[in-house]
**Student:** 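A single structure is presented below for examination.
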Amino acid sequence: MTAPAAPSIEVRGVTKRFGRVTALDDVDLTVPKGAVHGLLGHNGAGKSTLVGILATLLRPTGGSVRVAGLDVLERPAQVRRRIAVTGQQTTLDLTMSGRDNLYMTARLLGAGRRAARARTGRLLEAFELTAAADRPARAYSGGMRRRLDLAMTLVRRSEVVFLDEPGTGLDPASRLATWDMVRRLTATGTTVVLTTQHLEEADRLADAVTVLADGRVVATGSPEELKRRIGRRSATVHLATAADTLTADHALAGAGLHPECDHPRRALTVTLNRDRDLTAVVRALDAAAIEPTRLTLAEPGLDQVYLALTGHRRTEAP
Ligand SMILES: Nc1ncnc2c1ncn2[C@@H]1O[C@H](COP(=O)(O)OP(=O)(O)OP(=O)(O)O)[C@@H](O)[C@H]1O
């Protein structure tokens with residue numbers, strides 16, 4: 001039997017204080033190689049501080065951190081060579097075209113002319129920038145600049161890539177294309193850590209999510225696990241007539257299922273606290289000789305998970 005690969009990121013008991021502010025409090029995090037891990041939290045939860053420590057930009061006050069198998073405090077320079085961080089648009093030269101920005105970066109990182117050209121072409125295509133490739137970056141729209149910024153992060157093949165809200169500021173089509181690109185990164189073994197306040201982004205992209213609130217980890221697991229643990233599924237029964245709605249309401253209430261009735265829409269919603277509650281809904285309706293026109297199931301969103309875990313509604317970045 002082969003030993004499991006060492007995790008790409010291992011954080012143990014990390015604390016970070018800025019004067020009196022405790023930005024991180026006893027944080028643990030393990031990310032396997034080739035996984036996408038979402039750091040989810042409201043403003044000030046500690047996401048950027050944690051990424052800053054992982055990327056060797058900040059020193060933890062306490063605890064241990066290994067990235068790409070290396071201790072970040074003992075070997076920061078080697079860690080830096082293995083990682084890439086986005087959201088730092090300062091690396092873009094706005095007077096140069098998108099193509100030249102990418103090409104120059106590839107050359108600076110040591111690629112030969114042909115390899116640099118090939119990498120540039122692939123990245124322009126992946127981020128849908130081919131048509132605008134030869135225009136100066138200063139003429140790009142906000143979304144195009146963000147895509148170019150992401151592409152710049154990926155010029156070097158890094159073991160770990162840190163992305164800050166990769167979908168923010170992009171239109172829906174570009175967002176999907178970007179998410180797709182992020183997922184493809186992991187196929188080559190790259191580990192991705194993304195910080196986000198957008199629950200859909202974490203839900204769609206991440207294999208596992210760590211929810212931070214006030215510097216502490218309040219939950220960690222796959223988006224599905226979190227939803228199962230916290231969120232409740234619900235079943236909505238749609239009925240043909242007002243009379244059926246009333247009968248179904250009595251039948252479900254009689255079975256102890258506490259339906260919520262939306263009379264104008266002739267719909268009844270039951271929270272499924274246990275798996276067998278769904279069968280109970282169907283049985284109660286059948287016993288009352290009611291045939292619903294439709295039965296729909298709703299999975300909880302990460303929104304509810306976040307609210308349940310932290311007591312906060314999610315707050316968007318300004
Ligand atoms: N350099 C600093 N000096 C003092 N306090 C800081 C510093 N950096 C962060 N903090 C504080 O640490 C806490 C965590 O901040 P952090 O930026 O890590 O949160 P975040 O989750 O990334 O938030 P956002 O989504 O707004 O970027 C906040 O209370 C913040 O005010």
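One-based numbering, in listed order, for ligands and for the atoms of each. Note that the structure is predicted; figures quoted are calculated from it, not measured.
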**Student:** For the atom pair OG (Ser158) and CZ (Arg81), what is the distance rounded to the nearest 0.5 Å?
**Tutor:** 12.5 Å
**Student:** Does Ala45 reach ligand 1 with a nitrogen or oxygen that is under 3.5 Å from one of the ligand's nitrogen or oxygen atoms?
**Tutor:**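 In this structure, Ala45 places an N or O atom under 3.5 Å from an N or O of ligand 1.
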**Student:** Pull out every atom of ligand 1 sitting under 4.0 Å from any heavy atom of Ser48, numbered as shown with elements.
**Tutor:** 17 (O), 18 (O), 20 (P), 22 (O), 27 (O)
**Student:** Take every heavy atom of Lys16, measure it against each atom of ligand 1, and state whether any distance is under 4.0 Å.
**Tutor:**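 Outside the 4.0 Å threshold, so no.
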**Student:** Please could you name the atoms of ligand 1 that Gln197 approaches to less than 4.0 Å, counting only its heavy atoms?
**Tutor:** 25 (O)
**Student:** Who's closest to atom 13 (C) of ligand 1 heavy-atom-wise, of Gly46, Gly44, Gly52?
**Tutor:**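 Of the listed residues, Gly44 has the closest heavy atom.
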**Student:** Ignoring hydrogens, what is the shortest heavy-atom contact between Lys47 and Gln197? Give both atom names and the distance.
**Tutor:**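 For Lys47 versus Gln197, the nearest heavy atoms are NZ-CG, 4.1 Å.
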**Student:** With sequence neighbours excluded, tell me which residues meet side chain to side chain contact (heavy atoms under 4.5 Å, CB included) with Arg274.
**Tutor:**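 Side chain to side chain contact (heavy atoms under 4.5 Å, CB included) check on Arg274 returns Arg276, Asp277.
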**Student:** Just going by heavy-atom distances, which of Glu165, Lys47, Arg20 is nearest to atom 20 (P) of ligand 1?
**Tutor:**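 Of the listed residues, Lys47 has the closest heavy atom.
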**Student:** Which atoms of ligand 1 sit under 4.0 Å from any heavy atom of Val21?
**Tutor:** 11 (C), 12 (O), 29 (O)
**Student:** Output the distance between atom CZ (Arg107) and atom CZ (Arg117), rounded to the nearest 0.5 Å.
**Tutor:** 9.0 Å
**Student:** Which heavy atom in Met104 sits nearest to a heavy atom in Met96, and how many Å separate them?
**Tutor:** CG-CE, 3.8 Å
**Student:** Considering the heavy atoms of His42, write down every atom of ligand 1 situated less than 4.0 Å from one of them.
**Tutor:**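 In order of number, 21 (O).
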**Student:** Report, one line per pair, each donor and acceptor closer than 3.5 Å where one atom sits in a side chain of residues 243-260; sequence neighbours left out.
**Tutor:**
residue, atom, partner, partner atom, Å
Thr245, OG1, Thr241, O, 2.7
Thr247, OG1, Ala243, O, 2.9

